[in-house]
Visitor: 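Following this message is one structure expressed as structure tokens.
Just so you know, these numbers come straight off a predicted model, no measurement behind them.
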Amino acid sequence: MFNPFVSRSLKERSGYILLVEDDRIIAATEVRLLKKLGYAVTLATSGREAVDLVKSGSENLDIILMDIDLGQGIDGTVTAGEIQAFCDIPVLFLSGISDPETIRRIDDVFSYGFVVKGSDITILDASIKMAFRLHRANIELKNKERELLLLSNSFDSSGNAIAISGPDAVLRYVNPAFIKMWGYTVKDEVLGRSISEFWKEPEHASFVARSLLMKDGWTGELAAKGGDGSTFTVDVSTSLVKDVMNRPAGIIATFRSNTARKLADESVMENEERFRSLFENALEGIFQTTPDGRYLNMNPAFASMFGYDSPEEMIVSITDIGKQIYVDPQARERLKSLLQQTELVKDYEAEVYRKDGTKFWISINARLIRGEDSGLDRYEGTNIDITERKLAGERLAEQQEKLLQTNRQLELLNSELLSSYRGKDLLLKEINHRIRNNLNMISGILLLEAEKLEDEKYRSFFNDVRARINSMSTVYDRLYQSPDLENINLAEYVRSLTMSIFTSYKPADSRINIHVDADDIRLDVKRAGVLGLILNELVSNAIKHGFIIDKTGKVNVRLKESEGIITLDVSDDGSGISKTKNQSVSTGLPLVKMLAMQAGGVFEISSDQGTTASVHFRR
């Protein structure tokens, strides 16, 4: 059963993914690709559906791939926040939106990375596995920090004096009880000194050290010398600490003052009477319970708080604390779980019943007492009634909510005013976003159809068409991210598109490299789209047809501007193409000539120790 209150422990090979994507066609493509990588995938088409699915615990999820723009309802960042407040599942954002505002929103949510839609599947697979590793490391780090904190708190809160030294008998650590027992004020007065300085007979330190080397431990009584020169006897228990090579690494010792013990014995009756008086007359409710839900002891204030006439009446009446006292029985189970983990819980709030059935709120400070002789644990602590404070907090929350509503109304009014000025830009960005999404949908449909084809020739045809669509989609992707909605930065566009084409067409067993040298040129959207189609044809032709004999070589892409003439060169050092192939074979060159003319330019191609194709046109 899925437990939302315990961090999930990752398996050595995790693979159950929740994909949150509102676009059904893109989702179908991503599900198919993820399943090819060996992952099991569950799909949620909205943020609310994803939250409900995780809360139900019906799926044993290992990671969530989260889109950001989920249409109507809550977006991906809000969805991730609600899920992380409930349980510890790694979230990896997967989205086609990568503008600065979106990245800032992602930074406000604890996630394990961001992958742009359309990235190579190997990048997505590597990002998923990296998220698993980071999540596992994060869990292990938290566990180590908890263990170290518990150990440090245990030493510092111990009633016995504790000291730790290196193998040279120089003190490295002492707890507050040691400082108090020897009559010092701060640790700096003690640390760095030899342990022999704290004994009436310094040679006793050498005797203990020899005994440790022989037996790994020593217990006995020694005469100690306090900071003011006074002497007192202590019971000593020491152990030798060894390193991984089984060599002496230090000494840990605990001390108990005989004097204090004798004084305690003499005043035990007085202390018991004083405690009984404090217990009976305390204004706070004081209790002791068993783990299975029965009261062992309580003071009159505790019984009165719950509406009982005496502690005896309440102890007899309550046989199951979780069901009879707590409005939510699971609240007591959570308290028990916390006590088992930390042994001390402060300010734990719970809603409880009085004897007459009315409800009120209490704050609990409790600790776990480990059983010794009987082996049975028990809980003890104090309660205070915080009902008035809770009601005041609720009233304050209501006022804050009203202020937030007023603030939201002001923000809405401000947004409406700003929209009158930014309407054109927002509309154009939305149009570009929709065009890009539609092109991605068409590309996804072609991918699904291509996978149904058995003839490699027709599958290749579909892939070529998808590549041309992707080149057009990249124009709108750049336009969506740019503050200038009329012109494109060709350098960024050419680099991004070239690497996408190279990744799509490069044979798996090839050793072909590609290099891009592009000037910082801005060009209108229409001709930038034409240039992208030309670049797609030339780079894909170079990769597919330039290295048939030897799949080793280099492809160079250059974009330069000189005296108002923009030149795009794509060259390779492959086997070249014949004139017959240049003119008649369907490699996309006729389409390049037509597109060059459309842009008002010319197309040239030569094959001499490889192939060089060039397009020249005026700005």
Visitor: Would you name the heavy atoms of Phe93 and Ile68 that are closest together and state the gap between them?
Guide: CD2-CG1, 4.0 Å
Visitor: Under the side-chain contact (heavy atoms from CB on, under 4.5 Å) test against Gln84, which residue among Thr79, Val91, Ile89 passes?
Guide: Val91
Visitor: With the side chain counted from C-beta on, respond yes when Val530 and Ile534 share a heavy-atom pair under 4.5 Å apart, and no when they do not.
Guide: yes
Visitor: Keeping the roles fixed (side chain from Tyr16, backbone from Thr42), state whether a donor-acceptor pair exists under 3.5 Å.
Guide: no
Visitor: Where do Asp75 and Thr77 come nearest, in terms of heavy atoms and distance?
Guide: OD1-OG1, 3.0 Å
Visitor: Under 3.5 Å, is there a donor-acceptor pair linking the side chains of Tyr39 and Asp125?
Guide: yes
Visitor: Main chain of Gln330, side chain of Asp328: is a donor-acceptor contact present, judged purely on distance under 3.5 Å?
Guide: yes
Visitor: Quick one: salt bridge (charged side-chain N to carboxylate O under 4.0 Å, His left out) partners of Arg48, sequence neighbours excluded?
Guide: Glu82
Visitor: What's the shortest heavy-atom distance between Ala542 and Asp572, and which atoms?
Guide: CB-OD2, 3.7 Å
Visitor: If I take atom CD from residue Glu21 and atom CD1 from residue Ile26, how far apart are they, to the nearest 0.5 angstrom?
Guide: 5.5 Å
Visitor: Could you walk me through whether Ile512 and Phe502 satisfy the side-chain contact (heavy atoms from CB on, under 4.5 Å) test, starting with their C-alpha distance in whole Å, then the side-chain angles of each, then the deciding distance to 0.1 Å, before giving a yes or no?
Guide: CA-CA 9 Å; Ile512 303 172; Phe502 181 69; 4.1 Å; yes
Visitor: Evaluate the side-chain contact (heavy atoms from CB on, under 4.5 Å) criterion for residues Arg618 and Ile566: first the C-alpha distance (whole Å), next the side-chain angles of each, then the deciding distance (0.1 Å), finally the verdict.
Guide: CA-CA 6 Å; Arg618 287 192 174 276; Ile566 297 175; over 6 Å; no
Visitor: Would you give the length of the straight line joining atom CD1 of Ile488 to atom CG of Leu523, rounded to the nearest 0.5 angstrom?
Guide: 9.0 Å
Visitor: Answer yes or no: is there a donor N or O on one side and an acceptor on the other, between the side chain of Ser500 and the main chain of Ser496, under 3.5 Å?
Guide: no
Visitor: Please check: side-chain N/O of Ser540 versus main-chain N/O of Glu537, any donor-acceptor pairing under 3.5 Å?
Guide: yes
Visitor: If you count every heavy atom of other residues, nucleotides or ligands that lies below 6.0 Å from Lys346 atom NZ, does the total exceed 12?
Guide: no
Visitor: In Å, rounded to the nearest 0.5 Å, how long is the span from CZ of Arg511 to NZ of Lys554?
Guide: 16.0 Å
Visitor: The criterion is salt bridge (charged side-chain N to carboxylate O under 4.0 Å, His left out); which residues satisfy it with Arg495, sequence neighbours excluded?
Guide: none
Visitor: For the residue pair Gln341 / Ser337, report whether a side-chain donor-acceptor contact shorter than 3.5 Å exists.
Guide: yes
Visitor: Under the rule for side-chain contact (heavy atoms from CB on, under 4.5 Å), what residues qualify as partners of Thr498, not counting sequence neighbours?
Guide: Val494, Ile514, Val516, Leu535, Val557
Visitor: Can you name the nearest heavy-atom pair linking Phe547 to Thr552, along with the distance?
Guide: CD2-O, 3.6 Å
Visitor: Can you spot which of Leu65, Ile17, Ile64 makes a side-chain contact (heavy atoms from CB on, under 4.5 Å) with Leu92?
Guide: Leu65
Visitor: Is a side-chain donor or acceptor of Asp573 paired with a backbone partner of Gly553 at a separation under 3.5 angstrom?
Guide: no
Visitor: Compare all side-chain heavy atoms of Ile128 with those of Leu34 and state whether any distance is below 4.5 angstrom.
Guide: yes
Visitor: Out of curiosity, Phe617 CZ to Leu595 CG, how far, rounded to the nearest 0.5 Å?
Guide: 11.5 Å
Visitor: Quick one: are Val570 and Val555 in side-chain contact, heavy atoms under 4.5 Å?
Guide: yes
Visitor: Can you name the residues that form a side-chain contact (heavy atoms from CB on, under 4.5 Å) with Asn513, not counting sequence neighbours?
Guide: none
Visitor: Work out which heavy atom in Phe132 is nearest to a heavy atom in Asp62; give both atom names and the distance.
Guide: CE2-O, 3.6 Å
Visitor: From the options Arg558, His616, Lys560, select the one residue that forms a side chain to side chain donor-acceptor pair (under 3.5 Å) with Asp569.
Guide: Arg558
Visitor: Give, for atom NZ of Lys36 and atom CD1 of Ile121, the distance between the pair rounded to the nearest 0.5 Å.
Guide: 9.5 Å
Visitor: Kindly write out the residues that satisfy side-chain contact (heavy atoms from CB on, under 4.5 Å) with Val31, not counting sequence neighbours, or none if the list is empty.
Guide: Leu19, Lys35, Val41
Visitor: Between Asp67 and Leu70 (side chain of the first, backbone of the second, donor and acceptor by atom type, cut-off under 3.5 Å), is there such a pair?
Guide: no
Visitor: With a sphere of 6.0 Å drawn around CZ of Arg172, does it hold more than 12 non-hydrogen atoms of other residues, nucleotides or ligands?
Guide: yes
Visitor: Mind checking side-chain contact (heavy atoms from CB on, under 4.5 Å) for Ser606 and listing every partner two or more places apart, or none if nothing turns up?
Guide: Thr612
Visitor: Taking atom CD1 of Ile605 and atom CG of Asn541, what is their separation to the nearest 0.5 Å?
Guide: 8.0 Å
Visitor: Considering only heavy atoms from C-beta outward, does the side chain of Leu94 approach that of Glu30 to under 4.5 Å?
Guide: yes
Visitor: How far apart are the closest heavy atoms of Val54 and Cys87, and which atoms are they?
Guide: CG1-SG, 3.5 Å
